[in-house]
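Single-structure report; data block below.
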Amino acid sequence: KVLVTGALGQIGSELTLKMREVYGADNIIATDIRKTDSDVAQSGPFEVLDVTDEKAMFNMAKKHEVDTIIHLAALLSATAEKKPLLAWHLNMGGLVNALETARELECQLFTPSSIGAFGPTTPKDWTPQDIIQRPNTMYGVNKVSGELLCDYYHHKFGVDTRGLRFPGLISYVTPPGGGTTDYAVEIYYEAIKNKRYTSYIDKGTYMDMMYMPDALAAIIALMEADASKLKHRNSFNVSAMSFDPEQIAAEIKRHIPEFVMNYEVDPVRQSIADSWPNTIDSTCAKEEWGFKAEYDLEKMTNDMLLKLRLKSLLVTA
Ligand code: VAH
């Protein structure tokens with residue numbers, strides 16, 4: 001049985017449904033800080049859980065006799081930069097509670113890291129798996145600390161911890177909240193609604209990205225991978241593509257020729273984006289557990305626009 005924290009978030013809302021398909025609905029216990037009448041809450045077990053409450057986390061895992069914890073509850077980069085101490089408390093407090101529960105109940109644990117774990121002194125092109133990490137954002141400090149803490153729980157206590165450094169994730173189900181890469185999600189929604197988008201990230205700003213179906217497949221593949229083949233554990237670089245706002249706008253224009261792109265750069269999120277790599281190297285993930293991405297910018301754009309059009313038809317129907 002699997003306990004998912006942050007199950008109503010951008011990754012959680014889709015990973016929960018996917019895992020319920022793969023492993024059976026009753027085996028995936030979805031939790032979040034509040035309950036909503038979402039597909040996640042209606043398609044299987046759902047419980048309210050505050051991940052900063054250590055006892056509540058332990059009791060929830062024990063009650064449902066879980067053997068796996070997928071810990072996704074966290075604040076993303078832009079929100080973390082606005083509320084750094086809350087971010088430290090939630091991102092690190094929640095992770096320590098999940099790790100302690102995993103240690104005591106002998107669970108496998110997955111928690112995501114991010115390209116945000118790299119900083120301005122990290123080489124920006126084809127950033128290697130093992131390289132200097134001096135992030136200058138609270139989110140980056142949380143991600144590097146999280147990687148190190150999960151490695152520690154593995155070599156010190158034998159906890160089977162695993163994690164991925166995700167790029168920006170793009171999805172049409174649940175928009176992300178408070179991220180820096182969210183422009184690459186918003187642009188599709190705005191293109192459908194208004195045929196225009198004003199980007200807060202400047203042209204020429206390259207960031208790694210991945211379509212959500214590839215991210216979900218990567219999590220499941222890593223969690224099912226043969227542990228003896230893993231040289232790394234909690235920080236695999238994984239990426240499907242890298243683009244700047246001009247390139248994603250051009251791809252959208254191929255479908256919506258009248259689409260107009262404007263720029264109103266947000267200095268805070270621009271400086272976060274500038275501190276991250278342009279492209280990261282996913283070789284270790286490919287070699288150690290067979291990572292591969294199916295969607296590139298063209299294929300993702302086709303699918304995003306199609307699914308958002310269907311979604312808007314359903315809403316208006
Ligand atoms: C963010 N979407 O923007 C997240 C992610 C790599 C980006 O960590 O904060």
Side-chain angles (χ1 to χ4, degrees), residues 6 8-15 71-84 86-88 90-92 94-95 110-120 122 124 127 129 133 135-147 150 163-189 199-202 205-212 214-216 218-219 234-245 248 265-282 285 293 300 304:
L8 296 179
Q10 187 198 17
I11 300 174
S13 59
E14 295 197 54
L15 182 63
H71 180 61
L72 304 172
L75 294 182
L76 294 183
S77 57
T79 308
E81 215 47 34
K82 283 194 201 107
K83 303 174 186 166
L86 173 63
W88 177 266
L90 170 52
N91 291 350
M92 302 319 294
L95 179 58
F110 173 88
T111 197
S113 180
S114 158
I115 58 174
F118 296 118
T122 305
K124 288 193 179 305
T127 303
Q129 178 66 44
Q133 296 171 258
N136 58 2
T137 64
M138 173 51 84
Y139 182 73
V141 169
N142 297 158
K143 289 302 172 186
V144 175
S145 309
E147 290 180 9
C150 291
L164 301 170
R165 281 182 195 139
F166 272 134
L169 298 182
I170 294 164
S171 59
Y172 59 85
V173 175
T174 306
T180 296
T181 59
D182 299 357
Y183 90 89
V185 181
E186 294 166 1
I187 191 170
Y188 287 111
Y189 284 77
S199 174
Y200 58 78
I201 293 292
D202 208 355
T205 310
Y206 284 83
M207 287 188 272
D208 286 278
M209 302 282 181
M210 185 183 287
Y211 197 32
M212 187 61 79
D214 281 333
L216 304 183
I219 293 171
N234 292 294
S235 57
F236 283 97
N237 287 358
V238 284
S239 177
M241 60 190 100
S242 171
F243 53 73
D244 84 315
I248 186 171
V265 175
D266 164 13
V268 172
R269 285 180 288 185
Q270 184 62 43
S271 72
I272 294 173
D274 289 342
S275 75
W276 292 352
N278 298 321
T279 50
I280 63 172
D281 177 351
S282 310
M300 172 172 72
M304 271 297 277

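Counting starts at 1 for both ligands and their atoms, in listed order. The shown structure was predicted, so the numbers you read here are calculated from the model rather than taken from an experiment. Nothing fancy with the numbering, it's 1 onward along the sequence.
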Quiz item: Out of curiosity, T180 OG1 to W276 CH2, how far, rounded to the nearest 0.5 Å?
Solution: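 Going from OG1 on T180 over to CH2 on W276, the span is 4.0 Å.
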Exercise. Assign the ring pair Y183 / Y200 to parallel, tilted or perpendicular, where the plane angle (0 to 90°) is split at 30° and 60°.
Key: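 Aromatic pair Y183/Y200 classed perpendicular.
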Any [X] side-chain heavy atom under 4.5 Å of [Y] side chain:
X    : Y    : value
L164 : F110 : yes
L169 : T181 : no
E81  : R269 : no

Quiz item: Considering only heavy atoms, which protein residues lie less than 4.0 Å from any atom of ligand 1?
Solution: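 Protein residues near ligand 1 are L76, S77, S114, I115, Y139, F166, P167, G168, G179, T180, T181, W276.
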Quiz item: Can a donor-acceptor pair be found between the side chains of S242 and T279 at a distance below 3.5 Å?
Solution: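 The answer is no; no qualifying pair exists.
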